[in-house]
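Read the structure below first, then the notes.
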Amino acid sequence: MSAATLPLPAPVATRSSATAEPRLVRWLLTGLALAFLGLFLLVPLFAVFTEALRKGFETYLAALVEPDALAAIQLTLLVAAIAVPANLVFGVAAAWAIAKFDFRGKSLLITLIDLPFAVSPVIAGLVYVLMFGAQGWFGPWLQAHDIKIVFAVPGIVLATMFVTVPFIARELIPLMQAQGTEEEEAARVLGASGWQMFWRVTLPNIKWGLLYGVILCNARAMGEFGAVSVVSGHVRGLTNTTPLHVEILYNEYNFAAAFAVASLLASLGLVTLVLKSLIEWKTRHELARAAALPGERPA
Amino acid sequence: MSIEVNRIAKRFGSFTALDDVSLSFPSGQLVALLGPSGCGKTTLLRIIAGLETPDAGSVLFHGEDASDQDVRERQVGFVFQHYALFRHMSVFENVAFGLRVKPRAERPSNARIREKVMDLLKLVQLDWLAERYPHQLSGGQRQRIALARALAVEPKVLLLDEPFGALDAKVRKELRRWLRRLHDELHITSIFVTHDQEEALEVADQVVLMNKGRVEQVGSPNEVYERPASPFVYSFLGTVNVFHGRAAGGRVHLGPVSLGASRHADVEDAPAVAYARPHEIEIERFSPGAEGIPAQLSRLLVVGPTARLELERDDTGGIVEAEIPAARAASLSLKLGESLVVRPRRMQVFVERADAPPAQALTLES
């Protein structure tokens with residue numbers, strides 16, 4: 001057997017491939033993208049924190065622990081705590097149905113899931129006012145039974161859920177479609193019940209995509225402004241979520257407090273990004289592990 | 001356990017996957033479902049497993065109707081074409097899955113599971129891979145793990161969907177032999193689906209040939225190869241030469257050659273198709289009066305003991321493939337472009353007529 005290998009040709013400095021652009025163009029494009037990001041993302045982010053801390057750390061902290069601010073933060077957490085799990089269940093169910101089954105109206109379902117992306121959040125809010133408001137379809141009945149939806153917490157939860165519907169389902173559908181149904185079938189043939197199949201096979205296979213969807217969904221649920229603004233009624237300490245509270249403070253020229261609360265939301269965004277990168281890194285790591293070749297049988 | 005399928009029909013929209021299929025699989029045999037893609041073989045396998053519901057007909061396990069049984073209750077082992085190993089579980093957990101999901105009352109202890117899984121991994125000769133994950137295995141290794149996983153629940157029937165389809169040629173051959181040995185050891189009724197005729201003929205006890213949702217022929221590998229029941233089977237199994245001609249008054253005329261065909265004696269005059277395998281073709285140098293179809297040698301390939309010839313017919317321009325011993329080719333000292341005569345030594349004639357009798361094998365009297 002000849003094991004001789006040919007020496008590789010030394011890399012040529014001026015070698016260019018079909019897709020490589022001249023250096024100048026590459027620098028220009030990269031520079032442009034970075035400048036854009038800096039101007040429109042980093043500078044504002046920096047501004048939020050400098051404005052928030054302009055009058056000192058004590059003023060900053062005072063703005064956050066003030067009762068109305070605390071109430072707004074609590075409400076935001078509550079809304080997310082309801083909307084995200086609800087969307088989790090719906091997202092998994094919808095993705096499951098779309099990816100693993102064929103049925104009539106499947107494309108309609110996919111379109112409906114995308115609807116909140118297409119509709120302005122303000123419209124979403126208005127729809128709920130139209131349905132559950134005092135002059136709305138169900139208004140008289142709700143009043144008769146002393147149930148308050150619009151301008152109360154249930155309305156805020158509904159509007160938030162509407163806006164965040166696509167996040168988890170959209171994340172899972174392509175993933176589950178790519179994975180197909182063979183593993184589930186294998187589990188069934190081996191005697192697993194429906195639940196066993198879901199918990200032991202389906203869920204572990206989608207866990208990273210699911211977590212990713214949950215994080216995005218949560219960020220949106222906490223940050224939603226438009227739809228919530230319409231149904232909230234802006235009652236301080238009662239129906240104000242964090243983004244709405246920021247707006248009120250700002251409109252009252254209480255800039256330091258407005259930016260202090262806004263910095264919380266900005267931090268949430270940063271945490272989301274870090275988590276997102278972590279998950280992406282983890283997924284890549286798993287893929288890299290997948291690429292590692294098996295060894296031969298030990299002698 | 002024996003399996004019987006009774007008048008199974010299955011349609012997907014306007015496509016008929018299975019059309020009134022009845023078959024019986026005797027206990028302990030290894031049977032191949034062979035046919036081109038889209039012939040319904042995989043659908044039939046999935047119906048037997050309970051992964052697909054037939055539109056009509058029934059499946060009987062050991063004489064008992066299993067049509068209403070859920071796939072969980074059928075106690076079949078199924079090996080998927082792409083193995084369908086659980087990607088997030090180690091090899092050990094993959095094989096243990098079927099035991100771990102048993103109802104608490106039937107579930108073996110952890111120690112027992114460990115023992116059983118390791119036994120199975122030894123059976124498929126991969127016990128050293130227990131802690132690996134599916135993505136770290138080669139195709140052949142995955143295939144064997146999938147088999148071990150299917151065997152863990154002690155199925156009464158083993159069903160394999162294109163078990164070697166996704167493997168390269170060398171691994172395929174090895175696994176084929178290995179599966180045959182394993183079957184001889186375990187004697188579990190097994191059905192496997194394949195589109196590879198060589199695979200079916202080499203491994204199976206019985207071959208079921210399927211085409212367009214129907215069964216064309218059932219028989220031992222030798223039977224289906226030597227005595228194909230239909231033109232489809234003839235052209236599907238191995239290389240074959242097709243000669244078009246006419247049958248009249250008990251003889252079949254193929255251009256200049258005519259053969260006695262007693263079974264088609266009552267045929268007045270009808271189109272006939274004759275099939276002959278390359279090794280059933282005889283070659284002779286052309287001379288005036290030599291019996292046979294004149295043709296020119298267009299390609300000559302000697303591999304080991306046989307010489308493969310491609311000949312272009314002078315009359316129709318069609319290609320005839322012939323296989324003769326290399327020694328004979330050498331003694332003829334054939335040259336490309338040379339004029340030869342081609343003569344089928346033995347062939348099967350199908351008369352194209354609605355009430356035609358079954359095909360008849362003809363042997364050329366010389």
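Numbers restart at 1 for each chain; the letters A, B, ... are given by sequence-line order, proteins then strands.
There is no contact between E184(A) and chain B, counting heavy-atom distances below 4.5 Å. Only the backbone of L85(B) comes within contact range of chain A, with at least one heavy atom under 4.5 Å from a heavy atom of that chain. Using a 4.5 Å cut-off between heavy atoms, T181(A) does not touch chain B at all. Of the atoms belonging to R149(B), heavy atoms from both backbone and side chain fall under 4.5 Å from chain A. Of the two parts of V76(B), the backbone and the side chain both hold a non-hydrogen atom closer than 4.5 Å to a non-hydrogen atom of chain A.
Residues K207(A) and H88(B) have side chains not in contact (no heavy-atom distance under 4.5 Å, counting atoms from C-beta outward). For the pair V201(A)/F97(B), a side-chain contact is recorded, criterion being any heavy-atom separation below 4.5 Å from C-beta on. Side-chain contact between R100(B) and R200(A) is present, with at least one heavy-atom pair separated by less than 4.5 Å.
Here the shortest heavy-atom pairing between A186(A) and A84(B) reads CB-O, 4.0 Å. Counting all heavy atoms, side chain and backbone alike, R72(B) lies closest to G191(A) at NE-O, 3.2 Å.
Formation of a donor-acceptor pair under 3.5 Å by the Q196(A) side chain with backbone atoms of V101(B) is found in this model.
Between atom CZ of residue F86(B) and atom CG of residue N205(A) there is a gap of 9.0 Å, rounded to the nearest 0.5 Å. Here F78(B) contributes atom CZ and E185(A) contributes atom CD; the two are 7.5 Å apart, rounded to the nearest 0.5 Å.
Between chain A and the options K102(B), H82(B), Q75(B), E93(B), heavy-atom pairs under 4.5 Å are most frequent for H82(B). Chain A forms the most heavy-atom pairs under 4.5 Å with one residue out of R87(B), E73(B), R74(B), and that residue is R87(B).
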